[in-house]
Amino acid sequence: MPGANNFSRNSYLHHPNQTKGEFFARKQKIEQRRKKLPIAAVERRLVEEVRNNDTLIIVGETGSGKTTQIPQYLFKGGFCRDGGIIGITQPRRVAAITVAKRVSEECGVPLGQKVGYAIRFEDVTSGLTKIKYMTDGLLLREALLDPYLSKYSVIIVDEAHERTIHTDVLLGLLKNVQKARSKGINEVVNTDHNNSNNGHASEGRIDNQNNGILKPGQAKKYNPLKLIIMSASLDARVFSEYFGGARAVHVQGRQFPVDIFYTHKPETDCIDAALITIFQVILATNIAETSVTIPGIKYVVDPGLVKARTYDPKMGVDSLIIVTTSKAQALQRSGRAGREGPGKCYRLYQESFFEKLTDSTLPEIKRCDLSNVVLQLKALGIDDVINFDFIEKPDRTAIVNSLWSLYLLGAVTEENKLSDVGYQMAKLPLDPVYSKALIVASQFGCLKEMLICVAMLSVESIFYAPREKLEESRNALKSFASPDGDHLTLLNVYRAADEFFQKNKMVNSEEKAEKSLRKWCKDNYINSRSLKHARDIHSQILRNVEQMGLRVTSCEDDMLLFRRCLAASFFLKAAMKQPDGVYRVTLSGLIVQIHPSSVLFRAKPECIIFNELVHTNHSYVRNVSRIDYLWLVELAPHLYALQD
DNA sequence: GAGCACTGC
């Protein structure tokens, strides 16, 4: 989110008691600053370009001000006159919030009126909102409710070069929406595909939100959609080609020169080399590549390595491995040194090594589990996901494997169509396995427990164990630990926290209760941010399941029932203990160990279900519960049979 | 007995 970075040193916060004079002085100052932005000089030209091109690629260097200014130019240029609004997507929540705040200040209006933002758990928009910043994932969700994205006259996809999975899916979707809303009303969406069934699979379904599948006849009543793809990388060609040779324009940024230094010989120990370089001066991590501005950076040290998460779709294994960076990453990293003045970048490798790096990092869609993407696309009526016009096609096996697990979860029928259960699952903002778990739990009569369990499984690690207080944190965990596994342990933590919070709220204000909950977390070696996140997710999915009409009942103390429900939900990931104490994953045959952070690390029960499989030094399973193999035979008979 | 950079609904 480069646009916001220009402003990191000056903030224009509204002070409620400022005088009129102060107000105008501030306003003038903002105007002056806006005019100084490199992009200001080309305002009229840009508005013309958007007027003349339905799709426009804007390559804006860091610091050009494109993110904050272009929406304002378009508003002024009359793109909201027909009642449509301008939507701008960002890959990160923080960017959506800070830019929206910034732009509302520049417009001199309270946030949430003309200018607003929407992210998960937070909608700061109103009927007055004309410029709406949001996360790309949120716009994808909106498409499920309004497949034509009818309220937008312009959609700007910012930071497209980051190629997050949400951005990539959104681009494909927007291409379809634009086509459906364009003048050629006889065109059908998905005409790119060979399969004539595309886009019509769910016709006749009127009982769910999916009936809004893009039909040309319906699109008639919508205005054409203007699409703007903004990227910071020099390579606009990929986007331009994808959008049928769309016009690309370049906007100058404000970047100071950065001197690049390479090492003379290969560095074998990069930490050593980094430390030496740092002492002689920041270290480039992935943080340096994002929008977070750390003021005062003049020097960047780039070890040339990155910790990257990859996913093996065949085995369903997440790996965290250290790999070399790409050229684009290296450029991004060095660029950080030149934001506020001339800078220096030390690359801890030889120049010849740089030349050998790949041009750019593999887009996320090529290296992650696709079951959610496939489910969402199907819910949007795109049944032939394999032939979907992605900007970059995921591996076929990755899609096929996602389809297979969706089929095993009952989300997809044998005819490869979304089932009723699949539609239900698509409505939930969760991993499909977790969505299914909620539906299963409503049948088992333990949805109350499963809502908590799924919320807790959806967040980063709940426990934290600082090295210096390992013993204390272990003792704290003991008070929550269940001999049956991590799922019940997480349930115990959530319940204990909630009980503490509710009691506190009876005598204190909400704010005070929140504060003492954070203290409680600290005392119990629980990550309060993760817990807060889980509580937010919990209230959101509770609302969701109530809207879906699922019965939220509790199994009370019947934990046997709950564990059976875990088996019925997570049967795709089960493992059996081997004679030598390791585990064999039932479906893949992979040999794994229980992660040392699990409460079952020592107990080693005969049969387990788990939620995560990560490969680091070993293959580990995390979030593990003890089950009975016979339950699998009973509850997932399509996959499990009696053993000899 | 582990090792966690970041992000999203």
Side-chain angles (χ1 to χ4, degrees), chain A residues 1 89-97 118-123 134-145 159 162-170 283-292 302-303 305-310 318-323 325 329 332-333 361 363-365 367-369 371-373 375-376 379 425-432 434-435 454-455 458-467 470 473-474 527 529-530 533 536-537 539-541 543-544 581-582 592-604 612 614-622:
Chain A
M1 226 313 319
T89 69
Q90 298 289 330
R92 281 172 294 282
R93 300 158 57 101
V94 134
I97 300 172
I119 55 175
R120 188 181 188 181
F121 310 132
E122 236 184 306
D123 186 354
M134 68 200 123
T135 44
D136 42 19
L138 192 102
L139 188 62
L140 275 178
R141 281 272 150 200
E142 270 188 26
L144 282 178
L145 304 172
E159 310 289 5
E162 288 194 22
R163 303 293 305 277
T164 66
I165 190 160
H166 286 152
T167 296
D168 272 20
V169 175
L170 196 56
L283 195 63
T285 67
N286 306 24
I287 302 172
E289 292 156 32
T290 64
S291 50
V292 183
D302 179 5
L305 301 169
V306 63
K307 200 158 207 169
R309 208 170 74 184
T310 58
D318 270 312
S319 299
L320 211 59
I321 45 166
I322 294 172
V323 295
T325 53
Q329 263 174 326
Q332 192 90 14
R333 287 177 171 190
T361 319
E364 196 183 1
I365 201 157
R367 49 180 169 90
C368 68
D369 178 12
S371 38
N372 213 6
V373 168
L375 185 70
Q376 297 301 321
M425 286 164 61
K427 289 178 192 167
L428 293 157
L430 293 168
D431 182 297
Y434 295 157
S435 301
V454 158
S458 299
V459 301
E460 328 70 83
S461 177
I462 283 285
F463 301 102
Y464 76 90
R467 211 184 291 244
L470 214 56
S473 58
R474 249 182 234 159
N527 183 337
R529 262 191 66 191
S530 298
H533 194 191
D536 283 341
I537 292 175
S539 61
Q540 187 188 31
I541 58 179
R543 258 199 322 271
N544 287 332
V582 298
V592 297
Q593 301 174 33
I594 295 180
H595 195 276
S597 65
S598 169
V599 295
L600 294 183
F601 175 61
R602 283 178 208 285
K604 294 196 179 172
E612 264 181 284
V614 286
H615 185 86
T616 49
N617 289 328
H618 293 104
S619 287
Y620 289 109
V621 289
R622 272 200 298 226

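In what follows, chains are A, B, ... by sequence order, proteins preceding strands, each numbered from 1.
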Qualifying residues under side chain to side chain donor-acceptor pair (under 3.5 Å), relative to A:D369, sequence neighbours excluded: A:S371
Sugar-phosphate only, base, or nothing, as touched by A:I165 at under 4.0 Å among non-hydrogen atoms: nothing
Between C1' of B:dC4 and CG of A:L470, the distance in whole Å: 15 Å
Closest nucleotide among B:dC9, B:dA2, B:dG8 to the A:I119 side chain: B:dC9
Sugar-phosphate, base or nothing in reach of A:F121, heavy atoms under 4.0 Å: nothing
Residues in salt bridge (charged side-chain N to carboxylate O under 4.0 Å, His left out) contact with A:D168, at least two apart in sequence or another chain: A:R163
Any A:T135 side-chain N or O less than 4.0 Å from OP1/OP2 of B:dT7: no
Side chain A:H595, main chain A:S597, donor-acceptor under 3.5 Å: yes
Distance, rounded to the nearest Å, where A:R120 contributes CZ and B:dC9 contributes P: 6 Å
Donor-acceptor pair present, A:R622 side chain and B:dG3 base, under 3.5 Å: no
Touch class at under 4.0 angstrom, heavy-atom based, for A:R602 against every strand present: base
A:L139 CG to B:dT7 P, straight-line distance once rounded to whole Å: 21 Å
Length of the line joining A:I594:CD1 and B:dG1:P, which is rounded to integer Å: 14 Å
Minimal non-hydrogen separation, A:L144 against A:A426, with atom names: CD1-O, 3.7 Å
Gap between atoms OH and C1', on A:Y434 and B:dG8 respectively (whole Å): 15 Å
Atom-to-atom span, NZ of A:K604 to C1' of B:dG1 - whole angstrom: 11 Å
Shortest side-chain distance from A:L138, nucleotide among B:dC4, B:dG1, B:dC9: B:dC9
Non-hydrogen atoms of A:D136 and A:P91 that approach each other most closely: OD2-CA, 3.6 Å
Among B:dG1, B:dC4, B:dG8, the nucleotide that comes nearest once only the side chain of A:R474 is considered: B:dG1
N/O (side chain, A:N617) to phosphate O (OP1/OP2, B:dG3) under 4.0 Å: yes
Length of the line joining A:E612:CD and B:dA2:C1', which is rounded to integer Å: 14 Å
Touch class at under 4.0 angstrom, heavy-atom based, for A:S597 against every strand present: nothing
Atom-pair distance (OH on A:Y620; C1' on B:dG1), nearest Å: 7 Å
